[in-house]
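This one's a predicted model, so the numbers in the text were calculated from it and none came from an experiment. In this chain, residues are counted from 1 in sequence order.
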Amino acid sequence: MPFSSSSRARLTRHDLGRFPGDSLFDRLGRAVCAAGCLPRKELYEAWEVARRVRRLFRGGRVVDLGGGHGLLAQVMLLLDNSSPNALVVDPSRPPSSARVHAALVDAWPRLAGRVEFVASPLEKVDLRNTDLVVSCHACGDLTDRVLDRAAAARARVAVLPCCHDLATCDWGSLAAWVDRPLAIDILRALRLEGQGYRVWTQTIPAAITPKNRLLLAAPALAAD
């Protein structure tokens, strides 16, 4: 079977040979293999999202809402050391997140003490206008809640929406022209522009996930 970046199979020490080089991605892959608890898909998604976000947005505290294992937040710190720290927020922290963090700290000691995990609803987290808010595969209306929280704080934000819930998400009157999940994401981008944000629309490789639309936004003055 060919190696698939979209697989939900766990990366383990048996996969170390797939990441033989000295590049940051190969080193990250080996660290994730050492943790032995993350699916391949999560590694590739986090890497592709983080790379695109960091091309636009530098610095700031990274706040990963619905962050699960916190891989995205920690990759964001690896790609830009000017961010002082990261906050990973999830109502239920996965027990294996500690293994992932330990493996990454073992490979990059500079991450030690810079990543905080908080088991909390995202509505209870205080955000600042200097934060960089991210969320990878925020399911259903979680994407809208992340965008609303970021916009209320006037923070920069990047989301990779997932599992568009047609019962709770707004698809407006666009369904006759485009499929409803795409209509939902278009309206999200338009709402941000209406709130004074500059918006960028990108994609990550479809080979990783068909739900690959990446929405990035920053307050217009901050983006200039």
Side-chain angles (χ1 to χ4, degrees), residues 4-9 38-57 62-73 75-76 88-92 94 121-123 125 127 132-153 155-220 223:
S4 171
S5 58
S6 65
S7 172
R8 296 184 182 277
L38 286 185
R40 295 177 204 165
K41 184 172 180 282
E42 193 164 333
L43 167 65
Y44 285 90
E45 280 177 347
W47 175 254
E48 295 296 342
V49 169
R51 288 175 62 222
R52 287 160 175 76
V53 175
R54 280 309 194 191
R55 287 171 187 160
L56 282 174
F57 303 146
V62 176
V63 182
D64 189 355
L65 297 178
H69 290 90
L71 182 62
L72 175 58
V75 176
M76 295 283 289
V88 181
V89 181
D90 201 288
S92 180
L122 65 88
E123 287 80 8
V125 176
L127 297 178
L132 174 49
V133 178
V134 296
S135 189
C136 186
H137 274 302
C139 290
D141 68 353
L142 178 57
T143 291
D144 298 299
R145 292 158 55 203
V146 170
L147 294 176
D148 288 346
R149 288 300 322 278
R156 298 167 295 168
V157 63
V159 294
L160 190 76
C162 176
C163 304
H164 300 75
D165 186 343
L166 301 182
T168 60
C169 298
D170 182 12
W171 45 271
S173 56
L174 299 176
W177 287 356
V178 297
D179 67 70
R180 291 180 181 183
L182 177 56
I184 289 168
D185 289 338
I186 290 171
L187 289 182
R188 286 166 171 162
L190 293 175
R191 276 199 301 273
L192 285 168
E193 289 185 335
Q195 292 170 308
Y197 271 72
R198 180 178 175 184
V199 169
W200 295 264
T201 56
Q202 300 186 16
T203 58
I204 68 170
I208 300 171
T209 174
K211 299 179 176 67
N212 65 334
R213 290 189 290 271
L214 179 62
L215 175 60
L216 309 99

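Formation of a donor-acceptor pair under 3.5 Å by the S135 side chain with backbone atoms of L65 is found in this model. Although no hydrogens or angles enter the test, the distance criterion places no donor-acceptor pair under 3.5 Å between the side chain of D64 and the main chain of V88. Side chain of N212 to main chain of I204: a donor-acceptor pair is present (N/O by atom type, distance under 3.5 Å, no hydrogens or angles). Between the side chain of R145 and the main chain of D141, no donor-acceptor pair closer than 3.5 Å is present. Panel note: side chain R40, backbone S4; a donor-acceptor pair is recorded below 3.5 Å. Counting only distance, with no hydrogens or angles, the side chain of R8 and the backbone of K41 share no donor-acceptor pair below 3.5 Å.
Between A158 and V53, the shortest heavy-atom distance links the atoms CB-CG2, 3.5 Å. Contact between A207 and S6 at its shortest, heavy atoms only, is O-CB, 3.2 Å. Taking all atoms of both residues into account, the shortest heavy-atom contact from I208 to S5 is CG1-OG, 3.6 Å. Shown here for A50 and V75, the closest heavy-atom pair between the two residues is CB-CG1, 3.6 Å. Shortest non-hydrogen contact noted between L127 and A150 is CD1-N, 4.2 Å. Taking both residues in full, the closest heavy atoms of L72 and C136 are given as CD2-CB, 3.8 Å, listed atom of the first, atom of the second, then distance.
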When you look at L122 and L142, which way does the side-chain contact (heavy atoms from CB on, under 4.5 Å) test go after all the steps?
CA-CA 9 Å; L122 65 88; L142 178 57; 3.1 Å; yes
Could you go through V63 and L132, starting from their C-alpha distance and side-chain angles, then the distance that decides it, and tell me whether this counts as side-chain contact (heavy atoms from CB on, under 4.5 Å)?
CA-CA 6 Å; V63 182; L132 174 49; over 6 Å; no
Would I184 and I186 satisfy side-chain contact (heavy atoms from CB on, under 4.5 Å), going step by step from the backbone distance to the final call?
CA-CA 6 Å; I184 289 168; I186 290 171; over 6 Å; no
Step by step, work out the side-chain contact (heavy atoms from CB on, under 4.5 Å) result for L71 and M76.
CA-CA 9 Å; L71 182 62; M76 295 283 289; over 6 Å; no
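Using a cutoff of 4.0 Å between basic side-chain nitrogens and carboxylate oxygens, E123 and R149 are not scored as salt-bridged. The pair R188-D185 counts as a salt bridge, with a side-chain nitrogen and a carboxylate oxygen less than 4.0 angstrom apart.
Counting heavy atoms from C-beta on, the side chains of L43 and L38 never come closer than 4.5 Å. At least one side-chain heavy atom of T201 sits under 4.5 Å from a side-chain heavy atom of V199. V49 has its side chain out of reach of V134: every pair of non-hydrogen atoms, C-beta onward, lies at least 4.5 Å apart. You'll find the side chain of Q202 reaches within 4.5 Å of the side chain of L216, heavy atoms only. Looking at heavy atoms from C-beta onward, L192 lies in side-chain contact with L215 at the 4.5 angstrom threshold. Contact check for E48 versus T209: no side-chain heavy atoms found under the 4.5 Å cut-off.
Between L147 atom CG and Y197 atom OH the span is 9.0 Å, to the nearest 0.5 Å.
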